[in-house]
Amino acid sequence: MKRREHREEEEEEEEFEEEIEDNEEKTEEISIKAETPQNTPPSIVLTVTYDGKAGRALVKLYDPVNDRIYFWYDNTGHKPYLLTNIRPEELVSKFSKVILHPGFSHIEAVEKYDPLNDRREIFTKINAKDPLSIGGRADSIRELLPKTWESRIRYHLCYIYDNEVVPGMFYRIEDGRLVQVPVEVPSEIEGFIRKLYSNDKEYLEEVEKWIPLFQAPVPNIKRLSVDIEVFTPQENRVPNPREANYEIIAIGLAGSDGLRKVLVLKRLGMELRPEDLDDLLYDDIEVEFFDSEYDMLREFFSIMLQYPILITFNGDNFDLPYIYHRALKLGFRKEEIPITVRRNEASIALGIHLDLYKFFNIRAIEVYAFGGKYRGMDRTLDTIAHAIIGMSKLSRDKTVSQMSYVELINYNFRDAFLGLYLTTYDDNLVLRLILLMSRISKTPPDDLVRNQISAWIRNMLYYEHRKRGWLIPEKEDIIKAKGDIATRAIIKGKKYAGAIVLDPMPGIFPRVYVLDFASMYPSVIKRWNISYETVKCPNEKEQYNKPIPELPHWVCNDRRGLTALIVGLLRDLRAYVYKKLAKSTPSGVLKSYYNVVQSALKVFINASYGVLGADIFQLYCPPAAELTTALARYVLSRTVLRALELGLVPIYGDTDSLFIWNPDENKLKELIDWVDKEFGIEIELDKVYRLVAMSGRKKNYVGILEDGELDIKGLVGKKRNTPDFAKEAFNEVLGLLSDIQGLEDVEKVVEEVRNKVRDYYRRLQRREISLNKLAIRTALTKPLESYTKNTPQHVKAALQLKNLGYNVRPGDIIIYIKTTGKDGVKPIQLARIDEVDPNKYIEYLRTSLEQVLDAFGIEFESIMGSSIIDNYS
DNA sequence: GCGGACTGCTTACCT
DNA sequence: ACAGGTAAGCAGTCCGCG
């Protein structure tokens with residue numbers, strides 16, 4: 001008996017749904033189709049899907065020069081399949097149900113290298129007529145067998161891996177075959193790579209396959225951004241897209257080809273005078289009025305079909321399903337609507353649909369590609385556009401239903417325009433990033449924007465497995481073979497020990513050099529050959545090859561780990577090729593292109609360690625993850641000891657950084673060389689602080705860079721949920737303290753700080769500080785009813801709001817005031833200034849200031865002193 | 001019945 | 001929703017105390 005985990009069942013459901021939709025298409029006439037010629041010019045692969053009607057894989061291509069979309073249907077006879085270790089003869093005798101399954105096609109014997117067991121084995125490959133016969137139904141073939149491999153890979157991805165169709169790369173149809181277009185690699189890059197890997201044949205061979213992915217042109221693909229406005233009878237109610245009960249009153253369209261258009265529905269009692277058009281936001285917006293909503297949608301569909309990429313913001317869950325269901329309501333037949341709606345995504349008939357809301361919500365994109373620019377904010381078009389391109393939605397003081405035509409047109413067009421602009425700014429950065437990451441991960445762009453990084457890295461590595469003829473292991477087999485963890489995490493609930501943080505020396509330190517191990521974890525993974533198949537490999541003799549005494553894990557030495565190879569290669573390409581090229585190329589499109597390449601690489605490199613320790617990752621391998629962090633701790637600790645030996649003074653370090661106070665530059669260089677020689681990984685000078693104020697707490701300091709810029713790390717005075725008045729006080733005190741030049745200034749400045757603090761104290765007591773500045777802004781991370789262990793203050797405030805009829809949801813920022821009343825808090829909407837509890841705010845003042853005063857050896861108490869109490873209480 | 005010590009939960013941050 | 005480590009505030013519990 002086999003018990004399956006809950007998650008797996010969910011996966012199956014999704015798969016099931018996908019294939020069902022595909023099957024439905026069998027009964028439909030698809031009237032909207034691209035041509036399938038025998039020969040085409042070079043065209044970019046937009047996506048690969050399974051076409052249920054044709055019963056084969058479909059590759060969607062776009063020729064940017066002639067602006068044509070092509071469909072290429074598989075003609076190699078590729079079929080959905082799975083692998084089993086049941087022999088063909090046994091299959092016939094004991095598992096005849098498989099052979100008799102209506103979807104069964106044929107079987108073959110295939111030899112695969114099994115990386116987990118380090119041996120070659122023969123498997124039986126069972127081919128089926130359609131993906132659903134493999135898996136996704138209760139009676140699919142994989143359910144009839146005790147053990148299968150590779151049966152949970154979605155078919156279109158399986159097709160990509162087997163046929164090496166790289167999404168985002170150029171192919172052409174030649175005599176009906178799909179052929180990749182060769183890529184020219186500049187001789188400087190070719191030469192540099194040869195030199196870099198002159199004594200490593202394996203890397204050299206591998207890198208030759210990767211370089212074209214970055215050197216092939218990334219065209220500016222024509223695209224259309226769309227946004228709809230729907231009539232809403234009630235305020236603050238978002239219409240339900242599945243019901244689509246209300247009229248679509250406007251459709252805003254912004255194309256990368258310059259299209260600026262708004263389709264508007266004529267409504268009773270509303271008119272547009274010619275002079276109103278003078279108020280248009282952009283005078284070249286083309287406005288088209290429609291008497292019937294049906295005609296308006298028809299016009300929209302015909303425009304939409306001219307673009308290979310459709311851009312929306314939340315189009316998966318609103319605009320496209322709304323249009324689809326509204327069109328059905330208005331009498332369109334299913335096959336006349338070039339949109340397919342699934343539970344959580346919407347796709348289009350000819351090209352691909354990219355929902356930017358999903359894309360910007362990908363954690364790895366937020367953190368690594370945009371440096372956390374919109375971190376902690378709500379994820380509306382307005383905030384994201386404002387944070388990234390500095391442009392906001394048009395503000396409105398009424399609902400779209402109440403707007404005049406011209407207001408509606410302006411508002412609607414701006415939204416569509418923002419969607420487009422988010423993909424065009426900075427030489428089409430976002431589009432290029434998506435296409436490059438598609439190439440790296442072998443994930444079609446429309447899949448890429450809807451999945452998190454663990455799926456991208458999985459696809460990337462699965463592709464490499466298939467290319468090498470490797471068996472793709474099942475997750476539970478990796479766990480069974482390597483599951484045991486040898487370390488314990490400091491944090492309760494975590495699986496294994498992570499980074500090391502050195503105890504900081506408190507005080508003020510002039511001239512601090514910060515050394516940084518450049519991409520520490522990826523470097524460790526490369527240097528120590530870490531991969532799921534090499535860590536704790538089955539080869540007995542390797543068991544003596546333990547890299548560090550702290551852990552019992554050994555690493556295979558006689559074969560290259562796949563993860564180590566790929567991660568190492570991407571790391572090298574970023575560090576030695578594309579970062580350098582980005583730096584040396586004069587400003588212009590090429591420079592910005594190299595920057596996009598190195599950012600795309602960064603996303604993968606930085607997440608490569610994390611996925612090893614994430615149980616949702618298909619190649620999850622806890623010992624590989626804990627060996628990585630253990631080695632990083634080892635490298636950092638040994639480096640600290642060496643620094644001390646050299647007479648250097650390390651004052652702090654965290655994970656991969658080392659702060660050295662006032663170093664002798666020769667000694668510093670000696671240390672850097674030693675690290676390189678001892679560990680074979682690079683440590684570099686990251687930055688120099690003119691001055692660092694260390695509070696004595698970990699992850700908590702202020703540094704002044706040479707250009708005077710402030711680096712404030714972890715201090716309460718900087719945190720998002722600190723009340724503004726405390727942030728202000730913190731900044732003002734920081735300003736005063738930064739004036740200290742020498743010892744002689746200290747007393748004077750301390751006096752100024754004292755006055756400042758007393759002033760705040762007095763204003764708090766006298767309730768002179770506005771509610772807005774006292775407000776605490778804390779995010780609700782889960783539904784209210786999920787706070788069962790305790791009731792934090794922001795939840796108390798949220799509950800009060802809920803009682804008043806507010807709709808409070810996860811992700812909402814609750815703004816509240818600490819009061820003297822029963823709960824001790826009130827949402828700002830309900831609070832009055834005379835209810836404020838000043839004592840609670842004094843504590844805020846204390847913690848935010850203490851962290852910076854501690855560095856100067858100044859006691860907060862000595863500032864507040866008894867005098868305040870005497871004077872004001 | 002109350003306050004202090006303690007643990008655990010929650011959020012926001014750092015690398 | 002790729003990882004673990006740290007700071008801080010508060011909620012809730014236990015314990016001692018004539």
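Chain letters run A, B, ... following the sequence lines, proteins first and then strands; every chain starts at 1.
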Can you tell me how far [atom2] of [N] sits from [atom1] of [X], to the nearest Å?
X        : N      : atom1 : atom2 : answer
A/Lys713 : C/dA8  : NZ    : P     : 17 Å
A/Asn721 : C/dA7  : CG    : P     : 16 Å
A/Leu612 : C/dG4  : CG    : C1'   : 14 Å
A/Asn700 : B/dT15 : CG    : P     : 11 Å
A/Lys718 : C/dT6  : NZ    : C1'   : 15 Å
A/Lys699 : B/dA12 : NZ    : P     : 17 Å

Side chains of residues 848-858 of chain A: which donor-acceptor partners sit under 3.5 Å, not counting sequence neighbours?
unit_1, atom_1, unit_2, atom_2, d
A/Ser848, OG, A/Tyr844, O, 2.5
A/Gln851, OE1, A/Asn700, ND2, 3.4
A/Gln851, OE1, A/Val716, N, 2.7
A/Asp854, OD2, A/Arg697, NH1, 3.0
A/Asp854, OD2, A/Arg697, NH2, 3.0

task = Kindly point out which of C/dC2, C/dA8, B/dC14 is positioned nearest to the side chain of A/Val367?
result =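 Nearest to the side-chain atoms of A/Val367, counting from C-beta on, is C/dC2.
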ask   = Looking at B/dC14, C/dA7, B/dT15, which one has an atom nearest to any side-chain atom of A/Lys698?
value =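 So the nucleotide nearest the side chain must be C/dA7.
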task = Hey, can you tell me if A/Phe725 and A/Tyr841 have their rings parallel, tilted or perpendicular (30° and 60° cut-offs)?
result =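 If you compare the ring of A/Phe725 with that of A/Tyr841, the planes turn out perpendicular.
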ask   = A/Phe659 and A/Phe509: aromatic ring centres closer than 6.0 Å?
value =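 They do not qualify: ring centres at least 6.0 Å apart.
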request  = Measure from the ring center of A/Phe370 to the ring center of A/Phe360 and say whether it is less than 6.0 Å.
outcome  =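 Under 6.0 Å, so yes.
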Within 45° cone and under 6.0 Å: A/Lys718 NZ/CZ vs A/Phe730 ring =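 Not satisfied by the 6.0 Å and 45° rule.
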inquiry  = Using a heavy-atom cut-off of 4.0 Å across all strands, would you classify A/Lys818 as base, sugar-phosphate, or nothing?
reply    =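 Since only primed, P, OP1 and OP2 atoms lie under 4.0 Å of A/Lys818, the category is sugar-phosphate.
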message = Any base atoms under 4.0 Å from A/Ile490, or only sugar-phosphate, or nothing? Heavy atoms, all strands.
response =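 Result for A/Ile490 = sugar-phosphate.
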query = Among residues 493-507 of chain A, which residues get a heavy atom nearer than 4.0 Å to DNA chain C?
reply =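 Output list: A/Lys494, A/Lys495, A/Tyr496, A/Ala497, A/Gly498, A/Ala499, A/Val501.
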query = If you count the non-hydrogen atoms of other residues, nucleotides and ligands that lie under 6.0 Å from NZ in A/Lys782, is the total more than 12?
reply =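 More than 12 heavy atoms, drawn from other residues, nucleotides or ligands, come within 6.0 Å of this atom.
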key: For A/Ala486, side chain to side chain contact (heavy atoms under 4.5 Å, CB included) partners two or more places apart   =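 A/Leu551, A/Pro552, A/His553, A/Glu626.
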ask   = Where each residue is assigned the nucleotide of DNA chain B containing its nearest heavy atom, which of A/Ile813 and A/Lys492 is assigned the position nearer the 5′ end?
value =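 Its nearest nucleotide lies further toward 5', so the answer is A/Lys492.
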Result block: side-chain N/O donor-acceptor pairs under 3.5 angstrom for residues 488-497 of chain A, not counting sequence neighbours:
unit_1, atom_1, unit_2, atom_2, d
A/Lys495, NZ, A/Gly613, O, 2.7
A/Tyr496, OH, A/Tyr609, OH, 2.9

inquiry  = Any donor-acceptor pair, under 3.5 Å, between the side chain of A/Tyr701 and the base of B/dC14, if you only look at N and O atoms?
reply    =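 Between B/dC14 and A/Tyr701, which were checked side chain against base, a qualifying N/O pair under 3.5 Å is absent.
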May I have the list of side-chain donor-acceptor pairs in residues 791-798 of chain A shorter than 3.5 Å, sequence neighbours left out?
unit_1, atom_1, unit_2, atom_2, d
A/Gln793, OE1, A/Lys818, NZ, 2.9
A/His794, NE2, A/Ala779, O, 3.4

inquiry  = Can you pull out the residues from residues 776-798 of chain A that lie within a 4.0 Å heavy-atom distance of DNA chain B?
reply    =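 Here the set is A/Thr778, A/Ala779, A/Thr781, A/Lys782, A/Tyr787, A/Lys789, A/Asn790, A/Pro792, A/His794.
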query = Taking the nucleotide of DNA chain C with the closest heavy atom to each, which residue, A/Ala489 or A/Ala614, is nearer the 5' end?
reply =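 Result of the comparison: A/Ala614.
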